[in-house]
Amino acid sequence: MHREPPSSIGQAFSKGARLQCPMCGKGRLFTGFIRMHPCCPACGFQFARAPGYFLGSTYINYGATTLLTTWTYLVLRFGLEMPKTLLIPALAGFCVIFPVVFFRYARSMWLSFDCYFDPTGALESLSETEKSQEGKL
C-alpha cells in the first residue's frame, strides 16, 4: 500500500476536505459524527500522536467561524444594507451551529496539514504503529 505524507498543500487540503487518512488517502477518519478511529483502517497510521494533539484543530474551527461571520456581516450589512436587527441573531445562530458541523473537517485539516508540514513526525508515527502491529503477531 502506498503510504506517504501529502506532497503539497493542495494534496493535504484535498485529503483533509474528504476526511481521509493523510498518509494513504483510503481510510476514513471517523466512525460516526464525532468518534474517530484511533488509527487508519486501511494502512494503520495512528491519527492522534499525543494527548491534546487535536487542540490545534480548534484554531482552524475558530478561524473559519470568525472569518465567515465577519465577512458575511460586512457584505450583508454594508454591501446589501441589511438591518442589523436581523443580521446579528442570524449570525449568532451561525456561530453556534457552524463549529459543531465543521468539527470533523477542522480535525481532518489539522491532521493533514500536520503531516504535510512535519513529514518526519508522520513517518515516525507510522513506523511506531507498524512496530506495535508486529509485536501482536
Chemist: Is there a donor-acceptor contact under 3.5 Å from the side chain of Thr58 to the main chain of Leu55?
Modeler: yes
Chemist: Is it true that a side-chain atom of Asn61 and a backbone atom of Ala106 form a donor plus acceptor pair closer than 3.5 Å?
Modeler: no
Chemist: Any side-chain to backbone donor/acceptor pair from Ser108 onto Arg104? Under 3.5 Å, distance only.
Modeler: no
Chemist: Please tell me if the side chains of Phe30 and Phe103 come closer than 4.5 Å, counting only heavy atoms from C-beta onward.
Modeler: yes
Chemist: Would you name the heavy atoms of Pro6 and Tyr116 that are closest together and state the gap between them?
Modeler: O-CD1, 3.3 Å
Chemist: Is Val101 reachable from Trp71 through a run of I, L, V, M, F, W or Y residues, each pair having side-chain heavy atoms under 4.5 Å apart?
Modeler: no
Chemist: Nearest 0.5 Å, what's the CG-OG1 distance between Leu68 and Thr70?
Modeler: 9.0 Å
Chemist: Quick one: are Thr85 and Leu87 in side-chain contact, heavy atoms under 4.5 Å?
Modeler: no
Chemist: Within this structure, what is the NZ-NZ distance for the pair Lys15 and Lys26, rounded to the nearest 0.5 Å?
Modeler: 9.0 Å
Chemist: Are Val100 and Met109 connected, step by step, through hydrophobic side chains (Ile, Leu, Val, Met, Phe, Trp, Tyr) whose heavy atoms are closer than 4.5 Å?
Modeler: yes
Chemist: Closest approach of Tyr105 and Gly16, non-hydrogen atoms and distance?
Modeler: CD2-O, 4.3 Å
Chemist: As an exercise, state the distance from OG of Ser112 to CG of Leu19, rounded to the nearest 0.5 Å.
Modeler: 9.0 Å
Chemist: For Pro41 and Arg28, work out which heavy atoms get closest and say how close.
Modeler: CD-O, 3.7 Å
Chemist: If hydrophobic clusters are built by linking Ile, Leu, Val, Met, Phe, Trp and Tyr wherever their side-chain heavy atoms come under 4.5 Å apart, do Leu67 and Tyr62 end up in the same one?
Modeler: no
Chemist: Would you say the side chain of Pro5 lies within less than 4.5 Å of the side chain of Met23, judging by non-hydrogen atoms?
Modeler: yes
Chemist: Check whether any side-chain heavy atom of Tyr73 lies under 4.5 Å from a side-chain heavy atom of Lys84, and answer yes or no.
Modeler: yes
Chemist: Any side-chain heavy-atom pair from Ile60 and Phe54 closer than 4.5 angstrom?
Modeler: no
Chemist: With heavy-atom distances below 4.5 Å as the criterion, would you say the side chains of Cys40 and Phe47 are in contact?
Modeler: yes
Chemist: For the pair Thr72 (side chain) and Thr69 (backbone), establish whether a donor and an acceptor sit closer than 3.5 Å, ignoring hydrogens and angles.
Modeler: no
Chemist: Just checking Phe117: does its CZ atom have more than 12 heavy atoms from other residues, nucleotides or ligands closer to it than 6.0 angstrom?
Modeler: yes
Chemist: Say whether, by atom type as modelled, one donor and one acceptor occur between the side chain of Trp110 and the main chain of Tyr53 under 3.5 angstrom.
Modeler: yes
Chemist: May I ask you to test the Leu29-His37 pair for a side-chain heavy-atom distance under 4.5 Å?
Modeler: no
Chemist: Examine Leu86 and Leu80 and state if one hydrophobic cluster contains both, with Ile, Leu, Val, Met, Phe, Trp and Tyr joined whenever side-chain heavy atoms are less than 4.5 Å apart.
Modeler: no
Chemist: For the atom pair CZ (Phe45) and CG (Leu111), what is the distance rounded to the nearest 0.5 Å?
Modeler: 5.5 Å
Chemist: Linking I/L/V/M/F/W/Y whenever their side-chain heavy atoms sit closer than 4.5 Å, directly or via other members, would Met82 and Leu91 fall into one cluster?
Modeler: yes
Chemist: Strictly distance-based, threshold 3.5 Å: is any side-chain N or O of Arg107 a donor or acceptor partner for the main-chain N or O of Ser57?
Modeler: no
Chemist: Please tell me if the side chains of Phe113 and Phe13 come closer than 4.5 Å, counting only heavy atoms from C-beta onward.
Modeler: yes
Chemist: Examine the side chains of Arg18 and Ser14 and answer whether a donor and an acceptor come within less than 3.5 Å of each other.
Modeler: yes
